[in-house]
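Scroll down for the structure; my scribbles are underneath it.
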Amino acid sequence: MSSKDKTGLTLIQLNNYVKPKLEENKSKGWVLNGAKNSYFKYVNDRFIGSPTNSAILNGYKSWVYGKGLIATDSAHKLGQFARLKSILKKQDVKNFISDYVIQNNAYLQVIRNKDGTLSSVEHIAVDKIAPELEDAEGNINAYYFSNDWANHFKPENAPVRIDAFGVNKKHSAIEIYHLKPYQMGRNYFALPSYQAGLQYAELEEEISNYSISHIKNGLSFGYIIDIPNSYNLTEEQKDKIEKNIQKKLTGSSRAGTFMLNFADGSEPITVTALEVNDAHKQWEFLSEETKTKLITAHEVVSPMLFGIKDANGFSSNADEMNVAEKQTLERVITPKQESILDCFEEILLTDGVTLNLEFKSLNEPKKEVKTELNTHVCLSDEN
């Protein structure tokens, strides 16, 4: 985007950001999480691009899954556990947890046999699903699946309506289960639990991108380009010059903000670099500020648990680390695990499976002494 003033100066700004909003399509009957269901991608991009955000979320994902899904009473229900293993695969559990931790939304596709028994329970990526508009009573009775909401008008991506889980007493052949926490006024999608920190995750990305560009740009913060003897240039010619310069700079190692000055006189074209002497101090402040705000948004007890060295001096004492880990498990991890387990148990109950499910802790030893009073089977990576 560029803007001009009466002096002939042109300011070219190469970065602009727009965050998507909830979009209801009343003619089609579905609701998208941002234009073309793009808010999920926005959140995922912050997971990929921000080192601090990524470290914390990866840590939470590992803690929630632990060493896998177990059934503590499976010794007495071997048939039911075998049924569970045939219905719900480990990779689907991991993918479901990943979406829930990162997006605070997660979907399962519940597929049934002709006799109504469960055939499989499979994860579906959050960006593939759009809820149906709620009915007069505020219920969501169905969901729409499209492989690509940006191109849903193409035949291969045409949205398919699928009943919501439990909407029919006899159960449909395919149903969609949507797991999300309650948030006032948000019936369709939940915001990420760290929503307030997303802008800082984006800022951390931009600090990194800008630092690389700044170094490749000769440690300059931009340029003023004086183009003399340009009084007789038409606006069309000036625009062409501007576009040519922008084409050369945008997306290259010299990308940044620059100003064009179409001036009189016969001097040669000059390029003046804009310098900021205390830039390193600004970067240091912004880097620490983004890290601190993300730690707060994620309710992190101790950054050291995620390999993040904090400038505030959090202790790495073993006893304090153990306390921090215990607090993290109780305040953040266990509530997420309970929500996920409730989801699994609700689905399995429709098939008569009543196992007592848990996630095996990462701290548990790999090999256990099995007795008649203490025996369980794991749906984990160790088996």
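Residues meeting the side-chain hydrogen bond (donor to acceptor under 3.5 Å, both in side chains) test with Asn37, sequence neighbours left out: none. With sequence neighbours excluded, the residues forming a side-chain contact (heavy atoms from CB on, under 4.5 Å) with Asn58 are Phe47, Ser54, Lys61, listed by chain and number. Scanning for salt bridge (Lys or Arg N to Asp or Glu O under 4.0 Å) contacts around Asp92 gives an empty result, with sequence neighbours left out. Taking the salt bridge (Lys or Arg N to Asp or Glu O under 4.0 Å) definition, one finds that Lys36 meets it with nothing, sequence neighbours left out. In this structure, the side-chain contact (heavy atoms from CB on, under 4.5 Å) partners of Ala324, at least two apart in sequence or on a different chain, are Val301, Ser302, Leu305. Scored by the side-chain hydrogen bond (donor to acceptor under 3.5 Å, both in side chains) test, Tyr188 finds no partners at all (sequence neighbours excluded). Checked against salt bridge (Lys or Arg N to Asp or Glu O under 4.0 Å), Asp45 has the following partners two or more places apart in sequence or in another chain: Lys41. For the side-chain contact (heavy atoms from CB on, under 4.5 Å) test, residues two or more places apart in sequence or in another chain that qualify with Gln91 are Lys94, Asn95. Residues satisfying the salt bridge (Lys or Arg N to Asp or Glu O under 4.0 Å) test with Glu204, not counting sequence neighbours, are none.
Checked by atom type and distance alone, the side chain of Tyr60 pairs as donor or acceptor with a backbone atom of His298 at under 3.5 Å. The backbone N or O of Asn168 sits nowhere less than 3.5 Å from a side-chain atom of Ser172 that would complete a donor-acceptor pair. Proximity of a side-chain donor or acceptor of Asp163 to a complementary backbone N or O of Ile174 within less than 3.5 Å is not detected. Judged by distance alone, with hydrogens and angles left aside, the side-chain atoms of Asn151 form no donor-acceptor pair with the main-chain N or O of Lys154 at under 3.5 Å. Asp148 places a side-chain N or O within 3.5 Å of a backbone atom of Ala150 that can act as its donor or acceptor partner. In this structure a side-chain-to-backbone donor-acceptor pair under 3.5 Å is missing from Asn139 to Asn141. Checked by atom type and distance alone, the side chain of Asn113 never pairs as donor or acceptor with a backbone atom of Asp115 at under 3.5 Å. Looking only at distances, a side-chain donor or acceptor of Lys128 sits under 3.5 Å from a matching main-chain atom of Asn147.
Counting non-hydrogen atoms of other residues, nucleotides and ligands closer than 6.0 Å to CD of Glu156 gives a total above 12.
Geometrically, Arg46 engages Tyr42 in a cation-pi contact, judged by NZ or CZ lying under 6.0 Å from the ring centre and within 45° of the ring axis.
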As a quick check of understanding, evaluate side chain to side chain contact (heavy atoms under 4.5 Å, CB included) for Thr234 and Gln237, giving each step before the final call.
CA-CA 5 Å; Thr234 65; Gln237 290 173 320; 3.2 Å; yes
Would you sort out whether Tyr100 and Asn105 count as a side chain to side chain contact (heavy atoms under 4.5 Å, CB included), showing the intermediate values?
CA-CA 5 Å; Tyr100 190 60; Asn105 295 270; over 6 Å; no
Kindly indicate, with the supporting measurements, whether the criterion ring-ring contact (aromatic ring centres under 6.0 Å, His included) is fulfilled by Trp149 and Phe40.
CA-CA 12 Å; Trp149 281 100; Phe40 293 120; over 10 Å; no
Which is it for Ile70 and Phe359 under the side chain to side chain contact (heavy atoms under 4.5 Å, CB included) test, yes or no, and what are the steps along the way?
CA-CA 6 Å; Ile70 66 173; Phe359 284 105; over 6 Å; no
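A side-chain donor-acceptor contact under 3.5 Å links Glu122 and Ser120. Checking Asn25 against Ser27 by side-chain atom types alone, a donor-acceptor pair falls below 3.5 Å. In summary, the side chains of Tyr177 and Glu346 do present a donor paired with an acceptor at a separation below 3.5 Å, with no hydrogens or angles considered.
You'll find the side chain of Thr350 reaches within 4.5 Å of the side chain of His171, heavy atoms only. Side-chain atoms of Pro131 and Phe189, non-hydrogen and from C-beta on, do get closer than 4.5 Å to each other. A 4.5 Å side-chain heavy-atom check between Val101 and Val64 finds at least one atom pair inside the cut-off. Counting only heavy atoms from C-beta outward, the side chains of Asn44 and Gln103 approach each other to under 4.5 Å. Within the 4.5 Å cutoff, the side chain of Ile340 has no heavy atoms near those of the Glu345 side chain. Leu57 is listed as a side-chain neighbour of Tyr194, based on a closest heavy-atom distance under 4.5 Å. In this structure the side chain of Phe81 never reaches within 4.5 angstrom of the side chain of Asp73, judged on heavy atoms. With a 4.5 Å cut-off on side-chain heavy atoms, Pro192 and Ile102 do not count as touching.
Between Trp30 and Phe145, the distance from one ring center to the other does not fall under 6.0 angstrom.
Heavy-atom minimum distance, Leu294 versus Gly197: CD2-O, 3.2 Å. For the pair Gly166 and Glu175, the tightest heavy-atom approach, listed with the atom from each and the gap, is N-OE2, 3.5 Å. The minimum heavy-atom distance linking Thr354 with Lys77 is given by the pair O-NZ, 3.0 Å. Closest heavy-atom contact between Ser74 and Leu355: CA-CD2, 4.3 Å. Smallest separation of non-hydrogen atoms from Asn104 and Leu191: ND2-O, 2.9 Å. Closest of all the heavy-atom pairs between Phe165 and Val110 is CD1-CG2, 4.1 Å.
Using a 4.0 Å cut-off between a side-chain N of Lys or Arg and a carboxylate O of Asp or Glu, Lys293 and Glu289 qualify as a salt bridge.
Linking Ile, Leu, Val, Met, Phe, Trp and Tyr residues whenever their side-chain heavy atoms come within less than 4.5 Å leaves Val323 and Ile308 in two separate clusters. Both Val332 and Leu362 belong to a common hydrophobic cluster when Ile, Leu, Val, Met, Phe, Trp and Tyr are linked at side-chain heavy-atom distances under 4.5 angstrom.
Applying the salt bridge (Lys or Arg N to Asp or Glu O under 4.0 Å) test to residues at least two apart or on different chains, none of the pairs has a partner in residues 326-344. Listed by first then second residue, pairs satisfying ring-ring contact (aromatic ring centres under 6.0 Å, His included) with a partner in residues 331-357 read Phe96-Phe344, not counting sequence neighbours. Applying the ring-ring contact (aromatic ring centres under 6.0 Å, His included) test to pairs two or more places apart or on separate chains, those with a residue in residues 102-130 are Tyr107-Tyr143, Tyr107-His178.
A distance of 6.0 Å separates CD in Glu288 from OG1 in Thr292, rounded to the nearest 0.5 Å. Here the straight-line distance linking atom CG of Leu133 with atom CD1 of Ile140 works out to 9.0 Å at 0.5 Å rounding. The CG atom of Leu69 sits 10.0 Å away from atom CD of Gln337, with the distance rounded to the nearest 0.5 Å. Remark: Ile176 CD1 to Tyr144 OH distance equals 13.0 Å, nearest 0.5 Å. Remark: Leu84 CG to Lys89 NZ distance equals 9.5 Å, nearest 0.5 Å. One distance of note links CG of Leu349 with CG of Asp351; it measures 9.5 Å at 0.5 Å rounding.
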